[in-house]
Amino acid sequence: KSIYAAGVACQDLTAGRVKQLVITRSATSTSRGIGFMPGTSDEKCTHWYVSMLGYLKEYLGSGVFDTHMRRGNIILAPMETMMGRSFNDSFIIVEEAQLMTMAELLTITTRIGSRSRMTLNGDYRQNTKNPDFKTYVNALERNEVEQVSVVRMTEDDILRSALVRDLTLVYNKENLW
């Protein structure tokens, strides 16, 4: 999911359709957490964005990526900083959306400003404790919002590795999600 979003975002940035990429996610951990982390806001949240930043660097090339980072065209914006913000001329990538609460989903999707696009990357099968993302996606599908598309990926879309694709097939077959 993430690599596809990164590719489209980089195309939009390179073509000048947007001026910045905004990467966000909830600071929700999938395990027990990692405790207090020292450093600036960017330093504290960078570990949450390592994969996406790697994809962006791969698509843009190191030099172009570094230039965009220095110029502030690639923004790491933790969900905790979203209230009151608007993102114009932006491509907003929301990572691990299945971990978000309904309040976070409503908050982030109402930050979309003029000439902006957003992708919510998530797999609700990966969070059985919180059904909010599934509820949110189902509501969007029921109400057919004109500018919203829901893309459901299958095992054929997995790019990470053949092993992950094969494991996902097993998880689906054995109903392990």
inquiry  = Within the 3.5 Å criterion, strictly below it, is a donor on T107 or R111 matched to an acceptor on the partner's side chain?
reply    = no
remark   = Quick note, ring-ring contact (aromatic ring centres under 6.0 Å, His included) partners involving residues 87-106, not counting sequence neighbours, are none
remark   = The ring pair (Phe, Tyr, Trp, His ring centres under 6.0 Å) partners of Y4 (sequence neighbours excluded) come to none
side-chain hydrogen bond (donor to acceptor under 3.5 Å, both in side chains) involving D89 - partner list, sequence neighbours excluded = R115
remark   = Exactly one of V8, I92, I93 clears side-chain contact (heavy atoms from CB on, under 4.5 Å) with R117, and that residue is V8
message = Are M83 and I108 connected into the same hydrophobic cluster when the rule is that any two of I, L, V, M, F, W, Y join if their side-chain heavy atoms are below 4.5 Å apart?
response = no
message = Test question: given the 4.5 Å side-chain rule for I, L, V, M, F, W and Y, name all other residues clustered with V164, or answer none.
response = I158
key: salt bridge (Lys or Arg N to Asp or Glu O under 4.0 Å) contacts in which one or both residues fall within residues 138-149, not counting sequence neighbours   = E141-R152
Within residues 157-176 or reaching into it, pairs that qualify as ring-ring contact (aromatic ring centres under 6.0 Å, His included) - sequence neighbours excluded = Y171-W177
key: Pairing residues for R17 by the salt bridge (Lys or Arg N to Asp or Glu O under 4.0 Å) criterion, not counting sequence neighbours   = D12
key: Under the side-chain hydrogen bond (donor to acceptor under 3.5 Å, both in side chains) test, residues paired with Q11 that sit two or more places apart   = none
task = Please list all pairs passing the ring-ring contact (aromatic ring centres under 6.0 Å, His included) test where one or both residues lie in residues 120-146, with sequence neighbours left out.
result = none
remark   = Here the gap from T135 atom OG1 to L105 atom CG, rounded to the nearest 0.5 Å, amounts to 9.5 Å
What donor-acceptor contacts under 3.5 angstrom involve side-chain atoms of residues 50-60, with partners at least two apart or in another chain?
| unit_1 | atom_1 | unit_2 | atom_2 | d |
| --- | --- | --- | --- | --- |
| Y59 | OH | I3 | O | 3.4 |

query = CD1/I74 to CE/M69 distance, rounded to the nearest 0.5 angstrom?
reply = 6.0 Å
message = I'd like to check the salt bridge (Lys or Arg N to Asp or Glu O under 4.0 Å) partners of R165; sequence neighbours left out, ordered by chain and number.
response = none
inquiry  = With side-chain hydrogen bond (donor to acceptor under 3.5 Å, both in side chains) as the test, pick out the partner of N121 among E95, K1, R25.
reply    = E95
message = Please identify which of these residues, Q98, E104, E96, meets the side-chain contact (heavy atoms from CB on, under 4.5 Å) condition with S26.
response = E104
query = When rounded to the nearest 0.5 angstrom, what distance separates OG in S90 from CD1 in I112?
reply = 10.5 Å
ask   = Does N130 reach the side chain of L99, with side-chain heavy atoms less than 4.5 Å apart?
value = no
task = Under the salt bridge (Lys or Arg N to Asp or Glu O under 4.0 Å) rule, collect the residues that match up with D123, sequence neighbours excluded.
result = R125
